[in-house]
Every structure is written in structure tokens, then in C-alpha cells.
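Below is one structure, written out as C-alpha cells; comments come after it.
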Amino acid sequence: MRVLVIEDVRGLATAIAHGLAEEGFVTRVVHDGVDGLWRAVHEPYDVILLDLMLPGISGYEVLKRLRAASVWTPVLVLTAKDGEYDEADALDLGADDYLSKPFSYVVLVARLRALLRRGAPARPAVLAAGDLALDPARRHCRRAGREITLTAREFTLLEFLLRHPDEVISKTDILDHVWDENFDGDTNIVEVYIGYLRRKIDVPFGRRTIETVRGAGYRLHATGR
């Protein structure tokens, strides 16, 4: 298995490479974001170990550009930044796992093997349906090049629908995933928010992205209609 290690602390990078070699991995080590990004895009790897604080371009930027280039190689982020927001940012940009320094080498190898078992399915960082695009990491929504302002609830609802394109989603499923688990109000709140979304993402553009399936729920069309 080929592993790309993008880590600017040379001693640590060397130690990781030696340890992985003993486990049967073939490693390539680079020490800056620019070189790491080039190799990740142009050379075949089974998994990438990525530091966040890199010279050249940051690990965040490497991750963002990788996913924008439709490179879905599993990425395990290694970083000294252990704040929950740093972890959330990395995962939102397309990381598959996150390990804070200092870390257990045994855990590192176990997580690598887990990522390799999963493989590299496409996981776009930006969700899209036709010309409608939603960027969960940056909290941006655009259609036909125009920025659309959504409330937090509208954003979460649209994200949930975009993650299940062309599927019929029931009101119950929407409530379970978009509202608090303790919500005990009227289920018609879903219909209200679907209406809000339509008035923002569909009506001004002459589209019908979200369809009501009578008696069953709602369907977001992957083409954007």
C-alpha cells in the first residue's frame, strides 16, 4: 500500500516512514504543501497522512484543492492543533479521519488500515444539484453564480436533501436529521421550511428542484431541474 506523508517536521516524518515501512507500507515523504499537493494529484496513493501547519500552502488548502480536483484518496490529518473547531474544519473540507499529536503509533496504523478497508468513494466537499451549489465548510450557497442567504435551519435542511439526491425523504426522516431529537412540535414545520427554501433556491430562478411526493415526503432532483 502506497502512503504519502506530508509533514514538515522532518524527524517525525522520517520516524513515521520507517515505522510504516516495517508494517509493509511503501511511503513517500514530502515537507511542504505545494509539493504534497502536486504528488497527491499526479501520483497514485492509497492513503495520505497530512499535517495542517505546512510551509507553502496549509494542509487545509491542500485538502480543499484535492477534493476540488476530484481526488478522493482517503486523508488522515495529523496535527498539533487539537481544538474541536480545527477538527471540524478538516472534516468539513473532506478529511476522512483526524489524529492529534502526540499520537499512539499503534492507533495511527490501525486508523490507516481502517481507511484502506473503506477505500475512496467520491465525497464531494461541495454539494451540487445542477447549478445549485452548497459548501458546508464555508456555509455558502450559490445558484447560477448568485449568492443565496439561508438561515441555519434552511442550510441544514438543504444540506440533508442534497446528500440524498433523487431519494424520497419523509417528514419524519427530515425531523430526525434536521431538528433536535427532542422536538415535539407540529410536523408541518417541515412543510413550512421547504416553502422557505423553494422561495430562495427555486422561485427566483424558475426552477423546481424540490418536489413534493404526495403522502411520502420530498425529493430533491439531482439535475436541479
Side-chain angles (χ1 to χ4, degrees), residues 60 63-75 84-85 87-98 114-225:
Y60 292 114
L63 194 50
K64 183 178 73 173
R65 294 188 193 183
L66 272 182
R67 297 320 190 208
S70 296
V71 175
W72 307 115
T73 308
V75 174
E84 61 183 15
Y85 290 105
E87 179 177 354
D89 286 343
L91 294 173
D92 276 340
L93 286 171
D96 298 270
D97 203 354
Y98 189 101
L115 289 180
L116 290 168
R117 286 194 297 271
R118 289 182 219 158
R123 299 174 298 275
V126 176
L127 306 171
D131 61 355
L132 172 66
L134 192 79
D135 186 337
R138 293 200 165 113
R139 309 299 291 180
H140 286 170
C141 179
R142 297 179 67 84
R143 176 151 232 173
R146 287 167 51 185
E147 193 80 18
I148 299 173
T149 300
L150 300 175
T151 67
R153 186 79 69 190
E154 291 165 354
F155 194 99
T156 304
L157 174 56
L158 181 56
E159 180 180 355
F160 180 60
L161 293 173
L162 281 167
R163 291 190 185 280
H164 301 274
D166 292 329
E167 297 180 24
V168 176
I169 309 296
S170 70
K171 285 185 179 180
T172 300
D173 284 340
I174 292 173
L175 284 172
D176 286 345
H177 288 85
V178 177
W179 271 260
D180 185 273
E181 62 181 4
N182 297 316
F183 177 80
D184 61 357
D186 192 334
T187 59
N188 285 333
I189 191 68
V190 175
E191 184 177 344
V192 171
Y193 272 85
I194 289 289
Y196 292 160
L197 271 184
R198 284 172 170 156
R199 286 194 286 275
K200 290 185 177 182
I201 70 169
D202 278 350
V203 174
F205 303 92
R207 309 294 172 79
R208 296 180 60 191
T209 308
I210 302 174
E211 173 192 3
T212 299
V213 181
R214 190 174 298 277
Y218 302 94
R219 178 192 289 119
L220 183 141
H221 292 277
T223 60
R225 298 187 65 169

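The first residue in the sequence is number 1, and the count goes up from there.
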Practice item. For residues Asp166 and Thr223, determine if any side-chain heavy atom of one lies less than 4.5 Å from a side-chain heavy atom of the other. Key: no

Review point. Are Asp97 and Val75 side-chain neighbours, meaning at least one heavy-atom pair lies under 4.5 Å?
Key: no

Check your understanding: Under 3.5 Å, side chain of Thr209 to main-chain N/O of Asp202, donor-acceptor pair present?
Key -> no

Review point. What residue pairs, at least two apart or across chains, pass ring pair (Phe, Tyr, Trp, His ring centres under 6.0 Å) with a residue in residues 144-174?
Key: Phe160-His164, Phe160-His177

**Study point:** Counterpart residues, side chain to side chain donor-acceptor pair (under 3.5 Å), relative to Arg139 (two or more places apart)
**Key:** none

Exercise for review: Could you tell me whether the side chain of Leu158 reaches within less than 4.5 Å of the side chain of Leu132, counting heavy atoms only?
Suggested key: yes

Review point. Is Arg67 paired with Asp135 through a side-chain N to carboxylate O contact shorter than 4.0 Å?
Key: no

Check your understanding: So how far is it from Thr151 OG1 to Tyr196 OH, rounded to the nearest 0.5 Å?
Key -> 9.0 Å

Exercise for review: Flag the pair Lys171 / Ile194 as yes when at least one side-chain heavy-atom distance between them is below 4.5 Å, and no otherwise.
Suggested key: no

Review point. Under the salt bridge (Lys or Arg N to Asp or Glu O under 4.0 Å) test, which residues partner Glu167, sequence neighbours left out?
Key: none

**Study point:** Sub-4.5 Å side-chain heavy-atom contact between Leu150 and Leu197
**Key:** yes

Would you tabulate the side-chain donor-acceptor contacts of residues 214-221 under 3.5 Å, counting partners in other chains and residues two or more places apart, or write 'none'?
{"from": "Arg219", "atom 1": "NH1", "to": "Glu211", "atom 2": "OE1", "distance (Å)": "2.8"}
{"from": "His221", "atom 1": "NE2", "to": "Glu211", "atom 2": "OE1", "distance (Å)": "2.8"}
{"from": "His221", "atom 1": "NE2", "to": "Arg225", "atom 2": "NH1", "distance (Å)": "2.7"}

Practice item. Not counting sequence neighbours, which residues clear side chain to side chain donor-acceptor pair (under 3.5 Å) with Arg142? List them please. Key: Glu147

Review point. Do you know which two heavy atoms are closest between Leu162 and Ala129, and how far apart they sit?
Key: CD2-CB, 3.8 Å

Point to revise | Residues forming a side chain to side chain donor-acceptor pair (under 3.5 Å) with Asp131, sequence neighbours excluded | key: Arg143, Arg207

Revision key, fill the gap. Taking every heavy atom of Lys200 against every heavy atom of Phe205, the minimum-distance pair comes out as O-CE1, 3.6 Å

Exercise for review: Would you give the length of the straight line joining atom CG of Leu161 to atom CZ of Arg163, rounded to the nearest 0.5 angstrom?
Suggested key: 11.5 Å

Review point. If we only count heavy atoms from C-beta on, is the Cys141 to Glu159 side-chain gap below 4.5 Å?
Key: no

Review point. Do His140 and Leu134 come within less than 4.5 Å of each other through their side chains, counting heavy atoms only?
Key: no

Review point. Side-chain contact, heavy-atom cut-off 4.5 Å: Val178 with Val190?
Key: no

Check your understanding: Within the distance-only criterion (no hydrogens, no angle test), does the side chain of Glu191 pair as donor or acceptor with the backbone N or O of Asn188 below 3.5 angstrom?
Key -> no

